[in-house]
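Scope of the values below: all heavy atoms of this structure, side chains included, with no hydrogens, waters or symmetry mates. Residue indices begin at 1 and follow the sequence shown. Numbering of ligands and ligand atoms starts at 1, following listing order.
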Amino acid sequence: MRNYDYLIVGCGLFGSTFARLATDAGKSCLIIDKRNHIAGNCYSEKIENINVHTYGPHIFHTSNKVVWNFVNRFSEFNNFILSPKGNYKGKLYSLPFNMNTFYEMWGVTTPDQAKEIIQKQRFEGTPKNLEEQALSLVGKDIYETLIKGYTTKQWGKDPKELPSFIIKRLPLRFVFDNNYFNDRYQGIPIGGYTQMFEKMLDGIEVRLSTDYLSDREYFDSLADKVVYTGCIDEFFDYKYGELEYRSLEFSHEVLDTDNYQGLAQLNYCDTDVSYTRIIEHKHFEKSDSEKTVITKEYPKQYEKGLTPYYPINNEVNQSIYKKYQEESKSLTNFIFGGRLTEYKYMDMHVVIESAINKFRGEV
Ligand code: FAD
Ligand code: UDP
């Protein structure tokens with residue numbers, strides 16, 4: 001019965017990277033995914049000749065040359081740099097937090113003037129949660145304008161109940177630079193993410209609309225080892241409790257205009273608007289379509305049956321996760337990887353790095 005070296009559960013970035021590396025090393029792989037398409041949350045589809053990021057904006061960024069070379073095997077990348085704006089009650093501010101933001105907020109024109117204002121408004125002491133961390137980094141005005149409302153909507157929790165690392169994802173700089181990331185390499189795969197995955201999966205067997213958990217015994221019998229990239233609590237049938245996730249609803253609209261908002265990503269930072277951001281996809285790849293496609297992103301309470309987009313890494317969930325993680329180590333025929341299994345807020349480059357390292361452990 002064992003026809004494959006690896007059965008890979010999940011055709012997202014972790015599963016596809018692992019499968020590519022294993023196939024290149026002469027191993028046989030079968031990938032299954034319960035969705036009806038490849039590429040997991042990176043999936044893109046063409047609408048009105050525009051590559052639409054179906055599951056939210058995906059900007060590739062990394063400082064790791066090995067990872068950058070890996071993705072460039074499958075696609076050319078453009079030179080897109082993410083520079084979103086934050087809309088607070090109709091006024092626009094530059095993101096991430098930099099001299100442009102400070103000028104727009106306070107009219108200050110030098111780094112020393114900006115630092116002086118932040119210093120007066122800062123939280124002093126060791127930050128223990130997202131609110132204290134944000135106040136410690138940028139002070140009260142920016143926290144209340146650009147962070148508090150957005151964060152409350154995004155996570156459905158008071159920022160005091162959230163871990164501080166979430167806000168440390170955003171750069172803070174005292175230069176006029178709106179680049180959302182600090183990484184050396186950044187861009188969007190020309191032609192879309194799905195096309196990049198198609199090339200990555202060249203010669204690898206993929207079965208879609210196939211749920212591993214519907215018949216584990218059968219699927220386990222197909223291969224010597226199983227690479228699992230789904231939710232770890234589901235894998236163990238929730239024996240230590242359910243982990244919390246945050247879900248999202250994406251509302252895609254085709255509009256009869258060639259330029260709706262003038263940039264790829266506009267965040268809505270107050271709570272008067274219920275969505276967190278509007279993405280205008282044509283700006284990722286500079287499409288010359290006469291129409292445009294926008295996506296409003298509505299955060300949503302997760303429940304079984306919805307897609308678990310973000311882990312909620314607070315203390316309670318981390319302690320449940322640790323139990324699953326411990327137990328997973330005893331299953332020697334299984335490899336666990338990806339953001340749902342590691343229960344971690346992982347960007348794409350981190351997922352690829354992790355898959356490369358896990359595969360190295362195999363050879
Ligand atoms: P996934 O893409 O979730 O793949 C897991 C796959 O496993 C899924 O396709 C799922 O259907 C399948 N699966 C699960 N259970 C089963 C089962 N029982 N049987 C069969 N199949 C199963 N990263 C960046 O670097 N830059 C960005 O700009 C960025 N923006 C993002 C925006 C949003 C809204 C989100 C949610 C994430 C963003 N990310 C971004 C993160 C990026 O999406 C992830 O790093 C990456 O997709 C994770 O890949 P993965 O393979 O771990 O997970
Ligand atoms: N955030 C915020 N205001 C913004 C953008 C981000 O308060 O305008 C906070 C929010 O808590 C968010 C976190 O910073 O969850 C990380 O932002 P990022 O843009 O990395 O989120 P992602 O694109 O991964 O959803």
Side-chain angles (χ1 to χ4, degrees), residues 7-18 31-43 53-62 67 82 84-88 93 95-97 101 130 133-134 138 142-143 145-155 157 159 162-163 165-171 180-181 183 186 188 193 197 207-216 219 227-232 234-235 245-248 250 265-269 276-277 279 284 295 297 299 307-311 337-342 344-352 354-355:
L7 170 82
I8 296 169
V9 181
C11 195
L13 195 52
F14 189 95
S16 302
T17 302
F18 192 98
I31 309 184
I32 60 171
D33 201 300
K34 62 183 177 185
R35 287 175 169 172
N36 63 3
H37 60 72
I38 62 169
N41 286 341
C42 301
Y43 180 67
H53 298 200
T54 310
Y55 301 101
H58 277 72
I59 299 90
F60 198 90
H61 57 97
T62 184
V67 170
L82 182 66
K85 301 269 180 214
N87 179 322
Y88 182 80
Y93 296 90
L95 291 169
F97 314 120
T101 329
L130 195 157
Q133 181 66 64
V138 289
I142 291 179
Y143 172 66
T145 312
L146 297 174
I147 301 174
K148 192 175 181 184
Y150 186 101
T151 297
T152 306
K153 288 192 289 188
Q154 168 70 8
W155 297 98
K157 290 195 188 294
L162 291 163
F165 82 85
I166 293 176
I167 201 65
K168 287 206 252 169
R169 287 171 55 81
L170 273 58
Y180 204 63
F181 303 110
D183 282 322
Q186 188 175 160
I188 302 286
Y193 281 90
F197 273 73
R207 286 188 211 161
L208 298 172
S209 306
T210 304
D211 189 342
Y212 169 74
L213 297 173
S214 69
D215 193 351
R216 297 166 77 137
F219 288 116
V227 177
Y228 180 82
T229 74
C231 292
I232 194 151
E234 194 178 19
F235 180 90
Y245 303 90
R246 190 71 172 152
S247 194
L248 298 169
F250 299 101
Q265 181 174 326
L266 184 54
N267 292 0
Y268 284 81
C269 300
T276 47
R277 51 191 176 188
I279 305 307
F284 287 128
T295 302
E297 204 169 306
T307 308
Y309 287 103
Y310 296 91
R339 67 186 180 102
L340 295 171
T341 297
E342 296 197 32
K344 237 194 231 164
Y345 201 146
M346 294 163 96
D347 279 336
M348 292 181 276
H349 63 292
V350 181
V351 169
I352 295 176
S354 161

Quick one: which ligand 1 atoms are inside 4.0 Å of a heavy atom on [X]?
X: Y55; answer: 33 (C), 34 (C)
X: G230; answer: 14 (C), 15 (N)
X: R35; answer: 9 (O), 11 (O)
X: G40; answer: 2 (O), 9 (O)
X: Y309; answer: 36 (C)
X: G338; answer: 52 (O)
X: P57; answer: 27 (C), 28 (O), 29 (C), 30 (N), 31 (C), 32 (C)

Can you tell me which portion of [X] lies within the under-4.0 Å heavy-atom range of ligand 1? Options are side chain, backbone, both, or neither.
X: V351; answer: side chain
X: Q154; answer: neither
X: M346; answer: backbone

Requested in this report: Measure centre to centre between the rings of F235 and Y228, then say whether the value is under 6.0 Å.
Outcome: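 Yes, they do, as the ring centres are separated by less than 6.0 Å.
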Query raised in the report: Does the ring center of H37 lie less than 6.0 Å from the ring center of Y55?
Result: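 Here the rings of Y55 and H37 have centres that are less than 6.0 Å from each other.
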Name the closest protein heavy atom to [atom], giving the residue it belongs to and the distance to 0.1 Å.
atom: atom 5 (C) of ligand 1; value: T229 OG1, 3.7 Å
atom: atom 1 (P) of ligand 1; value: R339 NE, 3.9 Å
atom: atom 25 (O) of ligand 2; value: Y310 OH, 2.5 Å
atom: atom 2 (O) of ligand 1; value: N41 N, 3.0 Å
atom: atom 18 (P) of ligand 2; value: Y180 OH, 3.6 Å
atom: atom 7 (O) of ligand 2; value: T151 OG1, 3.0 Å
atom: atom 25 (O) of ligand 1; value: M348 N, 2.7 Å
atom: atom 3 (N) of ligand 2; value: L146 O, 2.9 Å
atom: atom 27 (C) of ligand 1; value: I59 N, 3.5 Å
atom: atom 17 (O) of ligand 2; value: L170 CD1, 3.4 Å
atom: atom 21 (N) of ligand 1; value: K34 N, 3.1 Å
atom: atom 24 (O) of ligand 2; value: Y345 OH, 2.5 Å
atom: atom 39 (N) of ligand 1; value: H58 NE2, 3.5 Å
atom: atom 13 (C) of ligand 2; value: I166 CG2, 3.6 Å
atom: atom 10 (C) of ligand 1; value: D33 OD1, 3.6 Å
atom: atom 1 (N) of ligand 2; value: Y150 CD2, 3.6 Å

Report task. On the 0 to 90° scale, with breaks at 30° and 60°, tag the F284-H53 ring pair as parallel, tilted or perpendicular. Result ->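 Correct class here is parallel.
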Requested in this report: Give me the ring orientation class for Y310 and Y345: parallel if the planes are under 30° apart, tilted from 30 to 60°, perpendicular past 60°.
Outcome: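 Rings of Y310 and Y345: perpendicular, over 60°.
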Do [X] and [Y] make a side-chain contact, defined as non-hydrogen atoms from C-beta onward lying under 4.5 Å apart?
X: H349; Y: F60; answer: yes
X: Y180; Y: P84; answer: yes
X: F181; Y: P96; answer: no
X: C269; Y: K148; answer: no
X: F14; Y: R339; answer: no
X: F197; Y: C42; answer: yes
X: K85; Y: L95; answer: no

For [atom], tell me which residue out of [options] has the closest non-hydrogen atom.
atom: atom 46 (C) of ligand 1; options: C42, G10, G12; result: C42
atom: atom 15 (O) of ligand 2; options: W155, Y93, F97; result: W155
atom: atom 23 (O) of ligand 2; options: K148, R169, R277, K153; result: R277

Query raised in the report: Between D347 and R169, is the closest basic N to carboxylate O distance under 4.0 Å?
Result: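 Salt bridge: yes.
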How long is the gap from [atom1] on [X] to [atom2] on [Y], to the nearest 0.5 Å?
X: I38; Y: C11; atom1: CD1; atom2: SG; answer: 5.5 Å
X: S354; Y: L13; atom1: OG; atom2: CG; answer: 10.0 Å
X: I32; Y: S209; atom1: CD1; atom2: OG; answer: 11.0 Å
X: T62; Y: I352; atom1: OG1; atom2: CD1; answer: 8.0 Å

Short list, please: which atoms of ligand 2 are under 4.0 Å from a heavy atom of [X]?
X: I147; answer: 7 (O)
X: Q154; answer: 15 (O)
X: L95; answer: 8 (O)
X: I167; answer: 9 (C), 14 (O)

Query raised in the report: side-chain contact (heavy atoms from CB on, under 4.5 Å) with T151: which of I166, L130, T276?
Result: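 Going through the options one by one, the only one that passes is L130.
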Answer yes or no for [X]: is there a heavy-atom contact with ligand 1 below 4.0 Å?
X: Q265; result: no
X: L248; result: yes
X: Y310; result: yes
X: T210; result: yes

Report task. Using a cut-off of 6.0 Å, state whether more than 12 heavy atoms not belonging to K153 lie near its atom NZ. Result ->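 Counting other residues, nucleotides and ligands, NZ of K153 exceeds 12 neighbours.
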Requested in this report: Could you tell me which non-hydrogen atom of D211 sits nearest to which non-hydrogen atom of F219, and how far apart they are?
Outcome: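 Taking every non-hydrogen atom into account, O-CE1, 3.5 Å.
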**Report entry** E342 versus G337, closest heavy-atom pair with distance
**Finding:**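 Looking at all heavy atoms of both residues, the closest pair is OE2-CA, 4.2 Å.
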Query raised in the report: At a non-hydrogen distance cut-off of under 4.0 Å, which region of N267 contacts ligand 2 (side chain, backbone, both, or neither)?
Result: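 Near ligand 2, N267 shows its side chain, while the N, CA, C and O stay back.
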Query raised in the report: Is the Lys NZ or Arg CZ of R277 less than 6.0 Å from the centre of Y150's six-membered ring, within 45° of the axis?
Result: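 Judged by the rule, R277 and Y150 form no cation-pi pair.
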Query raised in the report: Is it true that C269 lies under 4.0 Å from ligand 2, counting heavy atoms only?
Result: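 Contact check C269 vs ligand 2: positive.
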